[in-house]
There are 2 protein chains.
Amino acid sequence: MISSQMLKGVLEGSILAIIQQKEVYGYEISQTLKGYGFGEISEGTIYPLLLRLEKNGCLTSVYSESKQGPKRKYYLLTEKGKQELEEFQINFQEMVKAVFDLLEIKK
Amino acid sequence: MISSQMLKGVLEGSILAIIQQKEVYGYEISQTLKGYGFGEISEGTIYPLLLRLEKNGCLTSVYSESKQGPKRKYYLLTEKGKQELEEFQINFQEMVKAVFDLLEIKK
DNA sequence: AGAGGTATCTTGCATTACAAGGTAAAGCCG
DNA sequence: CGGCTTTACCTTGTAATGCAAGATACCTCT
């Protein structure tokens, strides 16, 4: 499982990426992340992060009824959110390159 | 430049990797990291991290005179440090795979 | 003596993942 | 109906860690 420290700064971008793909709600995001191999991400992690991004202007949200439980809060990327996501992708690749360059030398 | 949050959990492993390659001292590590594209890593970041790893049992250190300045503190990996480094490599690759899988879908 | 580069370390702050817990709606089953 | 499970959202407090800022000290060159 991915260490909690290694997730910092990566989780936010990953969640933006999930939301870009389709309209989702918080609880669904935690399931999706698990499916991609992120392991069990606590709801105590996801909800504050979503609220932060919304307050931030990266996301907007809409409440919607559900047939099998309480209301769901669906999220959508704003223009700013899309920009953030692009910056994240560039940043992430840069970081991965730096670490790989470093690790490869010892082979 | 790589965001500060994205470094968390990555920097420790990267420093272990540098030390494995050769005996180095703290100040030199900051130069090396810059060379690999990590950007300017503050000494307020590196020294506490090194002390932590040493207290941790991952590193040992030796003071050595220098001809061009104050004494240098050289670091060496212990057996435990090598194990940590290997775990980091596995963990890091797992994380990168998860994020890449996620990002790739939108293409 | 003074300036600048080398080298180590400490203190306090900001960010962020998470455990733990709280609230509530819908369905199922006895 | 009454209790259990699942779904769904949120809050509070804690731990980890990168960093700015600053302190200390050695060496060389002018």
Side-chain angles (χ1 to χ4, degrees), chain A residues 1-16 23-34 38-56 58-59 61-75 84 88 91 95 98-99, chain B residues 1-16 23-34 38-56 58-59 61-75 84 88 91 95 98-99:
Chain A
M1 192 199 28
I2 301 172
S3 94
S4 143
Q5 286 305 316
M6 201 116 80
L7 283 176
K8 286 184 199 271
V10 169
L11 200 55
E12 183 176 311
S14 302
I15 287 182
L16 288 175
E23 226 175 299
V24 283
Y25 52 99
Y27 193 80
E28 193 182 4
I29 291 176
S30 72
Q31 315 289 321
T32 306
L33 285 170
K34 208 196 294 185
F38 283 83
E40 192 86 44
I41 308 289
S42 161
E43 295 172 17
T45 298
I46 292 176
Y47 288 112
L49 203 162
L50 288 169
L51 291 174
R52 199 164 69 226
L53 286 170
E54 195 175 2
K55 198 170 284 178
N56 224 0
C58 291
L59 298 180
S61 61
V62 185
Y63 276 102
S64 200
E65 299 289 340
S66 163
K67 288 176 187 170
Q68 42 177 349
K71 284 187 190 174
R72 293 167 175 174
K73 193 172 175 184
Y74 284 88
Y75 289 96
E84 286 277 330
F88 164 72
N91 232 277
M95 185 271 284
V99 177
Chain B
M1 193 199 29
I2 301 173
S3 94
S4 144
Q5 285 305 316
M6 203 117 79
L7 283 177
K8 286 186 201 269
V10 169
L11 200 53
E12 184 177 308
S14 301
I15 287 182
L16 288 176
E23 225 175 298
V24 283
Y25 52 99
Y27 193 80
E28 193 181 4
I29 291 175
S30 73
Q31 315 289 321
T32 307
L33 285 170
K34 207 196 294 186
F38 282 83
E40 192 85 45
I41 307 291
S42 161
E43 295 168 17
T45 298
I46 291 176
Y47 288 111
L49 203 162
L50 288 170
L51 291 175
R52 199 165 68 230
L53 285 171
E54 195 175 1
K55 198 170 286 180
N56 225 0
C58 290
L59 298 178
S61 61
V62 185
Y63 275 103
S64 200
E65 300 289 339
S66 163
K67 288 175 186 170
Q68 43 178 346
K71 283 186 189 175
R72 293 166 175 174
K73 194 173 175 184
Y74 284 90
Y75 288 96
E84 286 277 330
F88 164 72
N91 232 278
M95 185 272 283
V99 177

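In the text below, chain A, chain B and the rest are named by the order of the sequence lines, each starting its count at 1.
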Enumerate donor-acceptor pairs with a distance under 3.5 Å from any side-chain N or O in residues 7-16 of chain A to protein atoms, sequence neighbours excluded.
from  : atom 1 : to    : atom 2 : distance (Å)
A:S14 : OG     : A:V10 : O      : 2.8

Got a list of side-chain donor-acceptor pairs under 3.5 Å for residues 39-48 of chain A, not counting sequence neighbours?
from  : atom 1 : to    : atom 2 : distance (Å)
A:E40 : OE1    : A:K34 : NZ     : 3.4
A:S42 : OG     : A:G44 : N      : 2.9
A:Y47 : OH     : A:Y27 : N      : 3.4

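Between chain B and DNA chain D, the heavy-atom contact criterion of under 4.0 Å yields a 5' to 3' nucleotide range of D:dT17 to D:dT28.
Contacts of B:S61 classified as side-chain contact (heavy atoms from CB on, under 4.5 Å), with partners at least two apart in sequence or in another chain: B:E54, B:K73, B:Y75. For B:S30, the side chain to side chain donor-acceptor pair (under 3.5 Å) test picks out no residue, with sequence neighbours left out. Applying the ring-ring contact (aromatic ring centres under 6.0 Å, His included) rule to B:Y25 yields the partners B:Y74; only residues at least two apart in sequence or on another chain are considered. Shown here are the ring-ring contact (aromatic ring centres under 6.0 Å, His included) partners of B:F38, two or more places apart in sequence or in another chain: there are none. Under the side chain to side chain donor-acceptor pair (under 3.5 Å) criterion, A:T32 pairs with no residue, sequence neighbours left out. Annotation: salt bridge (Lys or Arg N to Asp or Glu O under 4.0 Å) contacts of A:E23 (sequence neighbours excluded): none.
At whole-Å resolution of the value, CE in B:M95 and P in C:dA17 are 12 Å apart. Rounded to whole angstrom, the span from the CD1 atom of A:I15 across to the P atom of C:dT16 amounts to 12 Å. With rounding to whole Å, A:I41 atom CD1 is found 15 Å from C:dT16 atom P.
Nearest-nucleotide positions on DNA chain C for A:S42 and A:E12 put A:E12 closer to the 5' end.
Residues from residues 23-33 of chain B with heavy atoms under 4.0 angstrom of DNA chain C, sorted by number: B:Y25, B:G26, B:Y27.
Between B:K55 atom NZ and B:L51 atom CG the span is 7.0 Å, to the nearest 0.5 Å. Between the OG atom in A:S66 and the NZ atom in A:K71 there is a gap of 12.0 Å [rounded to 0.5 Å].
Residue B:S4 is in sugar-phosphate contact alone, with no base atom involved, counting any heavy-atom pair closer than 4.0 Å across all strands shown.
The shortest non-hydrogen separation linking B:I2 to A:M95 is CD1-CA, 3.5 Å. Listed here is the closest heavy atom pair of B:N91 and A:M1: OD1-O, 3.6 Å.
OP1 or OP2 of C:dT16 has at least one side-chain nitrogen or oxygen of A:R52 nearer than 4.0 Å.
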Can you give one letter per nucleotide of nucleotides 9-14 of chain C, 5' to 3': B if a protein heavy atom sits under 4.0 Å from the base, S if only from the sugar-phosphate, - if neither? BB----

B/S/- along nucleotides 25-30 of chain C (protein heavy atoms under 4.0 Å) is BSS---

